[in-house]
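In this chain, numbering begins with 1 at the start of the sequence shown. Note: hydrogens, waters and symmetry copies are ignored here, and every other heavy atom, side chains too, is used. None of these values were measured; they are calculated from a predicted model.
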Amino acid sequence: MARLYYIDGLEQGEIAKREQVSRPTVSRLLALAREQGFVSITVNDDLRDGQVLKEALAQTYPTVAFTVVSTAQDDQKTKITKVGAALAKDLQTIIKSGDIIGVGTGQTVKSVAEQLEHKMVTDVEVLPLVGLCDNVDLPTYQAKIVANFAQAYQAEPRSLPLPVVFTELTAKEALEKEPYVRYLKKLGRLANVVVFSVEAIEKSALYQSGHYLGEDEKKLLADRGVAEVLAHFIDQEGQVVDQSLDQRTATVSFKNLQYKDHVMVLVSDLKAVNGLAALLKRQVITDVFIDQQSAQALLELEGSV
């Protein structure tokens with residue numbers, strides 16, 4: 001229970017329901033875990049202020065705009081909410097009529113979508129940038145994300161009717177010739193605003209699903225990969241780990257990201273920091289929204305603190 005509460009970020013009520021015990025029992029067991037030394041809580045006196053971290057990151061990555069969200073003692077769920085709120089607020093200032101918004105998947109992007117404010121704009125398009133991934137344990141929330149973005153900006157929600165990974169490249173190429181799919185792929189290429197998160201390999205819905213990857217592919221990704229970004233699996237240099245797999249994946253290319261006005265990336269988990277550092281090497285990001293602890297870890301990783 002301690003792991004569920006302190007590491008996974010579940011609320012006590014959620015743990016009680018999951019473990020089929022009362023909430024007071026959960027509270028009592030968590031207190032017992034602290035008393036017996038299974039859990040230690042420390043105050044991060046050396047955690048640097050968000051503005052200081054932002055300035056240090058600006059020196060290390062001068063072409064990227066960082067928003068560092070104060071999250072000193074927050075649990076994982078609160079971090080996701082706060083980082084998502086920061087990006088949602090920024091979108092309110094930049095979205096304009098005629099924009100094409102491409103979105104990624106996952107819990108952090110869903111948090112952005114849920115906190116968007118309505119804005120009176122016209123002719124906005126919203127669409128997913130990756131194909132469909134079926135994972136009950138790690139849902140991608142693709143339909144909900146697209147629907148919330150579309151509602152906020154008076155757009156029609158669109159879906160990309162392709163599996164995220166094809167068994168055969170020829171099958172992918174054949175489906176992409178269909179007029180509607182070809183149109184959606186074109187919209188994805190033309191999207192001028194994109195929003196997505198960086199996921200550690202172990203938290204990737206695509207990697208953890210049993211439907212899309214072979215055992216040899218999973219072993220290669222586990223050995224060499226550091227993160228999943230828009231269904232691309234990258235190594236510590238930001239390069240694609242498995243080119244054959246990447247070609248069979250329904251997603252926007254990294255090369256295409258270079259031509260966007262806003263490439264907005266979310267990080268709310270320390271485990272995603274290595275992936276963010278790798279992605280930054282590709283020089284396709286314009287904006288990063290990151291929690292305080294992850295920001296400091298990124299600077300430490302780059303030797304800037």
Side-chain angles (χ1 to χ4, degrees), residues 42-74 76 78-91 93-94 104 106 108-109 111-112 192-204 224-230 232-241 252-305:
T42 59
V43 177
N44 296 315
D45 289 328
D46 60 339
L47 192 62
R48 301 209 291 178
D49 177 79
Q51 183 61 34
V52 175
L53 290 168
K54 178 179 178 178
E55 292 170 359
L57 286 166
Q59 293 179 357
T60 306
Y61 304 101
T63 63
V64 180
F66 280 85
T67 298
V68 180
V69 180
S70 178
T71 54
Q73 296 297 320
D74 293 330
Q76 188 60 37
T78 304
K79 286 182 184 181
I80 290 172
T81 300
K82 285 188 172 183
V83 173
L87 198 153
K89 181 179 179 181
D90 203 58
L91 283 173
T93 67
I94 70 171
T108 315
V109 182
S111 177
V112 175
N192 61 309
V193 179
V194 297
V195 177
F196 59 90
S197 62
V198 177
E199 301 293 342
I201 295 288
E202 61 267 32
K203 291 194 174 183
S204 163
R224 294 181 49 196
V226 296
E228 181 246 303
V229 180
L230 288 173
H232 298 286
F233 290 95
I234 60 175
D235 62 20
Q236 61 183 2
E237 297 302 318
Q239 300 302 309
V240 170
V241 174
V252 66
S253 70
F254 278 127
K255 183 178 180 180
N256 180 253
L257 293 179
Q258 298 174 355
Y259 305 105
K260 310 299 187 188
D261 296 331
H262 300 278
V263 179
M264 310 175 81
V265 177
L266 297 136
V267 171
S268 55
D269 187 346
L270 281 168
K271 293 181 179 179
V273 170
N274 286 337
L276 175 60
L279 181 61
L280 284 163
K281 293 178 181 179
R282 295 199 70 110
Q283 298 184 335
V284 296
I285 302 173
T286 63
D287 302 84
V288 173
F289 296 78
I290 188 169
D291 70 90
Q292 195 174 356
Q293 289 89 339
S294 296
Q296 179 152 317
L298 177 62
L299 282 168
E300 291 171 352
L301 187 65
E302 297 300 326
S304 301
V305 294

- [ ] Please round to the nearest 0.5 Å and tell me the distance separating atom NZ of Lys260 and atom CD1 of Ile285.
- [x] 14.5 Å

TODO: Specify the closest pair of heavy atoms between Val226 and Asn274, including all atoms of both residues, with the distance to one decimal.
DONE: CG2-O, 4.2 Å

Open item on the list: Strictly distance-based, threshold 3.5 Å: is any side-chain N or O of Thr286 a donor or acceptor partner for the main-chain N or O of Val263?
Closed with: yes

- [ ] Return yes if a side-chain donor-acceptor contact under 3.5 Å exists between Glu55 and Gln51, otherwise no.
- [x] yes

Task: From CZ (Phe196) to CG (Leu279), nearest 0.5 Å - done: 5.5 Å

Task: Under 3.5 Å: donor-acceptor pair, side chain of His262, backbone of Val195 - done: no

Open item on the list: With a 4.5 Å cut-off on side-chain heavy atoms, are Val83 and Leu87 touching?
Closed with: no

Task: Donor-acceptor side-chain pairing of Ser253 and Asn256 below 3.5 angstrom - done: no

- [ ] Heavy atoms only: give me the nearest Gly50-Gln292 pair and the separation to one decimal.
- [x] N-NE2, 4.2 Å

Open item on the list: Counting neighbours of CD on Gln283 that are heavy atoms of other residues, nucleotides or ligands and sit closer than 6.0 Å, is the number greater than 12?
Closed with: no

TODO: Check whether any side-chain heavy atom of Val112 sits under 4.5 Å from a side-chain heavy atom of Phe289, and report yes or no.
DONE: no

TODO: Keeping the roles fixed (side chain from Asp269, backbone from Ala272), state whether a donor-acceptor pair exists under 3.5 Å.
DONE: no

- [ ] Measure the CG-CG distance between Leu57 and Leu298 for me, rounded to the nearest 0.5 Å.
- [x] 5.5 Å

Open item on the list: Run Asp90 and Thr67 through side-chain contact (heavy atoms from CB on, under 4.5 Å) and show every step you take.
Closed with: CA-CA 10 Å; Asp90 203 58; Thr67 298; 5.8 Å; no

TODO: For Glu202 and Lys271, work out which heavy atoms get closest and say how close.
DONE: OE2-CD, 3.4 Å

- [ ] Measure the shortest side-chain to side-chain distance between Leu257 and Val194 over non-hydrogen atoms and say whether it is less than 4.5 angstrom.
- [x] yes

- [ ] Could you tell me which non-hydrogen atom of Glu199 sits nearest to which non-hydrogen atom of Ser197, and how far apart they are?
- [x] OE2-OG, 2.8 Å

Open item on the list: Show the nearest heavy-atom pair for residues Ala295 and Val68, with the distance to one decimal.
Closed with: CB-CG1, 3.9 Å

Task: Exercise: identify the closest heavy-atom pair between Ala278 and Asp235 - done: CB-O, 3.2 Å

- [ ] Please round to the nearest 0.5 Å and tell me the distance separating atom CG of Leu53 and atom OG1 of Thr60.
- [x] 10.5 Å

TODO: Could you grab the distance from atom NZ of Lys54 to atom CD1 of Ile290, nearest 0.5 Å is fine?
DONE: 13.0 Å

Open item on the list: Applying side-chain contact (heavy atoms from CB on, under 4.5 Å) to Ile94 and Met264, what does each step give before you reach the verdict?
Closed with: CA-CA 12 Å; Ile94 70 171; Met264 310 175 81; 3.8 Å; yes

Open item on the list: Checking side-chain contact (heavy atoms from CB on, under 4.5 Å) between Ser268 and each of Asp74, Thr78, Thr108, Val198, which is the one that passes?
Closed with: Thr108

Open item on the list: Working to the nearest 0.5 angstrom, can you tell me the gap between Leu276 CG and Leu270 CG?
Closed with: 11.5 Å

